[in-house]
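Here's the structure, in structure tokens; my notes come after.
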2 protein chains.
Amino acid sequence: MPQGTEKTDICSRLRETGLRPTRQRLALGELLFGQGDRHVTAEMLHEDAVRNKVPVSLATVYNTLHQFTQAGLLREVSVDRSKTYFDTNVTSHHHFYCEHSGTLFDVPDNQIGIVGLPVAPDGMEITRIDVVVRVTKKSTNDAT
Amino acid sequence: MPQGTEKTDICSRLRETGLRPTRQRLALGELLFGQGDRHVTAEMLHEDAVRNKVPVSLATVYNTLHQFTQAGLLREVSVDRSKTYFDTNVTSHHHFYCEHSGTLFDVPDNQIGIVGLPVAPDGMEITRIDVVVRVTKKSTNDAT
DNA sequence: ATTTGTGCAAATCGTTTGCATCTGA
DNA sequence: TCAGATGCAAACGATTTGCACAAAT
């Protein structure tokens, strides 16, 4: 996986949105975008950072995650009230969510489509449509 | 609005699921199912109860909401990490969610359809598909 | 030098839990 | 009577916030 380009890319994208390319932000950006699509929670990214010798505080991870989201680099996904996931894939796509393990993953390609787009009531407009396909382990022998 | 029938109905349904039809549960059931479809949070229902001279504690509201959900009387909807909504409409349908006001409401009829149901990976099976159409106030003059 | 970001710890907020009391069957 | 339900307040866990210090331009 040839890269090194991402760093520069992130750097520019941060500048574009007025975010200073600080040590932490670049490092977190590397972790987030240097490994393909990821679905992380603040805690997961924090652990990942520490594991990779990038000592950032949880608070900074939260800040960064939100700043990146606002900058359009990440997409926030709410599937469970207990945790907030951030998806590095900002293109239009949907998710599988396993309540069993709390895992979130993309629905391959665009296997899912929507028909009959409803009209938003009042003076509202649709900003986005989230589809979450909830799954569980098959109960063939549910004795997990 | 002719009713009174709901109470009995709730009573039986509670019994069916092994839940004692207590004063609080019946009262909350009335509030929940006596006014058509509702999308409430624990706090909303609690306020509603107090307002209607049904003094229940927040804890009991939470308990009841979860018990009703487990009994199949309610459906839990996660749209925002900050609040959990409970929908009195347990049939298959989807939602509009206005991030502006934090309001949740049903998509009329089944204006929305899904095409290309994906296959669940591994040994998993789909339990349910949630579609949330996020909307905001039209930015005609966004100076709210 | 100035401004913006970071870390820590305390503060929030929705939700859950423990336990003593009360209620329904 | 007795298991199950309720209320209260303390406990919780994820996220946010305030403020002193550090880093980037």
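Below, read A as the first sequence line, B as the second, and so on, with proteins coming before strands; counting in each chain starts at 1.
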For atom CG of Leu65(B) and atom C1' of dT6(D), their distance in whole Å: 15 Å
Can you measure Phe68(B) atom CZ to dA5(D) atom C1' for me and round it to whole angstrom units? 13 Å
Checking Arg75(A) side chain against Thr91(A) main chain: does a donor-acceptor pair fall under 3.5 Å? yes
Heavy atoms only, 4.0 Å cut-off, all strands: where does His66(A) land among base, sugar-phosphate and nothing? sugar-phosphate
Just checking Phe86(B) against His66(B), ring centres under 6.0 Å apart? yes
Can you figure out which of dT15(D), dG7(C), dT6(D) approaches the side chain of Arg25(B) most closely? dT6(D)
Does any donor-acceptor pair link the side chain of Arg20(A) with the base of dT3(C) at a separation under 3.5 Å? yes
Could you state the CG-C1' distance from Leu45(B) to dT15(C), rounded to the nearest angstrom? 15 Å
Picking from dT15(C), dG7(D), dC8(C), which would you name as closest to the side chain of Ala42(B)? dT15(C)
Relative to the 5' end of DNA chain C, which residue comes earlier, Leu19(A) or Asn63(B), by the nucleotide with the nearest heavy atom? Leu19(A)
May I ask you to say what Thr41(B) touches in the nucleic acid, namely base, sugar-phosphate or nothing, with a heavy-atom cut-off under 4.0 Å? nothing
Can you check the Lys83(A) NZ to dT15(C) P distance for me, whole Å? 17 Å
Which of these nucleotides, dG7(C), dT16(D), dC8(D), is closest to any side-chain atom of Tyr62(A)? dT16(D)
Look at all strands and tell whether Arg81(A) reaches a base, only sugar-phosphate, or nothing, counting heavy atoms closer than 4.0 Å. nothing
Out of dT15(D), dT17(D), dA9(D), minimum distance to the side chain of Thr84(A) belongs to dT15(D)
Tell me the interatomic distance from Glu76(B), atom CD, to dG14(C), atom C1', rounded to whole angstroms. 13 Å
In terms of side-chain heavy atoms of Arg15(A), which of dG5(C), dT15(C), dT25(D) is nearest? dT25(D)
Indicate, with yes or no, if the rings of His95(A) and Tyr85(A) have centres closer together than 6.0 Å. no
Whole-Å distance, Gln70(A) CD to dG5(C) P, equals 12 Å
Assign each of Tyr85(B) and Pro21(B) to its nearest nucleotide of DNA chain C by heavy atoms, then name whichever residue's nucleotide is nearer the 5' end. Tyr85(B)
Compare side-chain N and O positions of Gln67(B) against OP1 and OP2 of dA5(D) and report whether any pair is under 4.0 Å apart. no
Which nucleotide, dT15(C), dG24(C), dA24(D), lies nearest any side-chain atom of Arg23(B)? dG24(C)
Can Cys98(B) and Thr136(B) be said to form a side chain to side chain contact (heavy atoms under 4.5 Å, CB included), step by step? CA-CA 6 Å; Cys98(B) 177; Thr136(B) 13; 5.5 Å; no
What's the CE-C1' distance between Met44(B) and dT15(C), to the nearest Å? 17 Å
Closest approach of Phe68(A) to Leu19(A) (non-hydrogen atoms, all atoms of both residues): CD1-CD1, 4.5 Å
If you compare every side-chain N and O of Thr60(B) against the phosphate oxygens of dT6(D) (OP1, OP2), does one of them come in below 4.0 Å? no
Could you please spell out the steps behind the side chain to side chain contact (heavy atoms under 4.5 Å, CB included) verdict for Asp130(B) and Val131(A)? CA-CA 6 Å; Asp130(B) 288 339; Val131(A) 178; over 6 Å; no
Nucleotide nearest Leu58(A) (side chain, heavy atoms from C-beta), chosen from dG5(C), dG7(D), dT15(D): dT15(D)
Rounded off to whole Å, could you give me the CG-to-C1' distance for the Asp80(A) and dG14(C) pair? 13 Å
